[in-house]
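So the structure is just underneath, and the comments pick up after that.
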Number of protein chains: 2
Amino acid sequence: MTATKPTQPDALARTRERGHRTQAERRERTRTALLDATIDCLTELGYARTSVQEICARAGVSKGAQQHHFATKAELMAAAVEHLTNRIQAEILAASGDLPEGPELVEQGIDLIWQGFAGTLSAAVMELWVTARTDAELAAAIKPVDKALGRSTLELFQTLAPEMPQRTMETLYWLTVNLTRGLALDAQIGGDAARRNQLLTEWKRIALAVYRDDVT
Amino acid sequence: MTATKPTQPDALARTRERGHRTQAERRERTRTALLDATIDCLTELGYARTSVQEICARAGVSKGAQQHHFATKAELMAAAVEHLTNRIQAEILAASGDLPEGPELVEQGIDLIWQGFAGTLSAAVMELWVTARTDAELAAAIKPVDKALGRSTLELFQTLAPEMPQRTMETLYWLTVNLTRGLALDAQIGGDAARRNQLLTEWKRIALAVYRDDVT
DNA sequence: TGGAAAACATTCCATTCGGCATGTAAGTTC
DNA sequence: GAACTTACATGCCGAATGGAATGTTTTCCA
């Protein structure tokens, strides 16, 4: 390249035309790139095959940069837990906008929980969760975050159906969440989707009956 | 050692006093030792940290012997799946001896499923199951075996409660199994045991109501 | 505007992994 | 009891991993 304007340093020129990247911006950018790549790896490869090298490659970030932000792999995973939970919560909140009130909420709510707790992101959650069983550090990172997600989602429902007895709501909610997680496991190894849908339908019927009995 | 009887070879003498180990016996012994050690590793360390070296160490078996019986790690894992399923099935069958008939079967059956699908062995199942999501070979090994376990347990219940409509039985059974698996996940990372028991109690109540409605 | 600090990149290393090759001992068969 | 097969043991290798060390660029701030 023939430099015609020697007064301006080349680096600065590039900076100007591309726009100034503040440190906070750079930091945030590569951090989320790393965390998203981590979630990608977990969903596609599973925890056992997720290496920091692969994460860096997918994030388009050097190994040094990764170590700058997350000194150790465990630290990266712990951060990924929170990032992942935030994404799921956002997903749930976005889908909760058009929820009906009254009895219809039962059915729609079950669908919402299904989507939130058995969707694509939940595969990554499973990986981390199962790993956490034998990894105290990861478990410590997961427990509070997950509990918060569960409770906040429950509160969302309680707001939508104030007429419902709290006890009934809690029971139906947690039963649905745990059933969903079990079904999600089944789905992940290629269980019969038709039977899963049928079970979900039956459960809606049962839950609705419980709701009707308890609300009157 | 001062050999006083040169007529008999030393090796044979040892053989005689310890009893003759047939090839089939030796084979079976080290095989199950390896498979049990594999399950131990999965339970205690999780899949990611389970190495063949560790398995061999716990089984008290050399690496060569392991490779003789299971050429590859994947092969060992696939065999472990079957071994594990057999142990679970035996556990369930043993506990199913004193199951009542009639309505009480609902409660007791739920407890039985809980013990079978959320017991100690189920942690290893979870590890393999979650791993299978991103490991086609392992998934291929798990699917048929697990399906067989599920169906045979269902048939056990159907035998015990012939008066129950088949559709109702299937629904309650699979709902319970999946709920149990979800709760097992929760239990493994140290969720609140009291709430889990409460949910199980509520579910028994609901299931009993469903049974009563459908049986009349 | 010049130096400090933060962000990012490159290289290297000790360890561990799964698997292979080769060798020895025990059991089977004729 | 000798050939043969099966079971078991030891040592080694290339690949990959997580992490440390060190060097370079970009932004910040006084």
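Proteins come first, then strands; the chains are lettered A, B, ... in the order of their sequence lines, and each starts at number 1.
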- [ ] Confirm from the modelled atom types if Q53(A) and dA16(D) form a donor-acceptor pair under 3.5 Å, side chain to base only.
- [x]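 Check fails, no donor-acceptor contact within cut-off.
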- [ ] Look at the side chain of K63(A) against the base of dG19(D) and say whether a donor-acceptor pair falls under 3.5 Å; ignore hydrogens and angles.
- [x] yes
Check this for me: [X], atom [atom1], are more than 12 non-hydrogen atoms of other residues, nucleotides or ligands nearer than 6.0 Å?
X: R195(B); atom1: CZ; answer: yes
X: E25(B); atom1: CD; answer: yes
X: Q158(A); atom1: CD; answer: yes
X: E202(B); atom1: CD; answer: yes
X: E170(B); atom1: CD; answer: yes

Could you check how far [atom1] of [X] sits from [atom2] of [N], rounded to whole Å?
X: I55(A); N: dT17(D); atom1: CD1; atom2: P; answer: 11 Å
X: Q67(A); N: dT24(D); atom1: CD; atom2: P; answer: 18 Å
X: E25(B); N: dT6(D); atom1: CD; atom2: P; answer: 18 Å
X: E28(A); N: dT27(D); atom1: CD; atom2: P; answer: 17 Å
X: K73(A); N: dT15(C); atom1: NZ; atom2: P; answer: 19 Å
X: L45(B); N: dC17(C); atom1: CG; atom2: P; answer: 11 Å
X: E75(B); N: dG19(C); atom1: CD; atom2: C1'; answer: 13 Å

TODO: Establish, with yes or no, whether the OP1 or OP2 oxygen of dG18(D) is under 4.0 angstrom from a side-chain nitrogen or oxygen of T72(A).
DONE: no
Open item on the list: With a cut-off of less than 4.0 Å, is there a side-chain N or O of S51(B) near OP1 or OP2 of dC17(C)?
Closed with: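 Answer yes for this pair, as a side-chain N or O of S51(B) is under 4.0 Å from OP1 or OP2.
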TODO: Select base, sugar-phosphate, or nothing to describe what Q66(A) touches, counting heavy atoms under 4.0 Å on all strands.
DONE: nothing
- [ ] Would you list the pairs meeting salt bridge (Lys or Arg N to Asp or Glu O under 4.0 Å) in which at least one residue belongs to residues 60-80 of chain B, sequence neighbours left out?
- [x] none
Open item on the list: Treating primed atoms plus P, OP1 and OP2 as sugar-phosphate and everything else as base, which nucleotides of nucleotides 1-8 of chain C get B, S or - for protein heavy atoms under 4.0 Å?
Closed with: -----SBS
TODO: Examine the side chains of Q89(B) and S152(B) and answer whether a donor and an acceptor come within less than 3.5 Å of each other.
DONE: yes
Open item on the list: From the set dG19(D), dG18(C), dG27(C), return the single nucleotide nearest to any side-chain atom of R21(B).
Closed with: dG27(C)
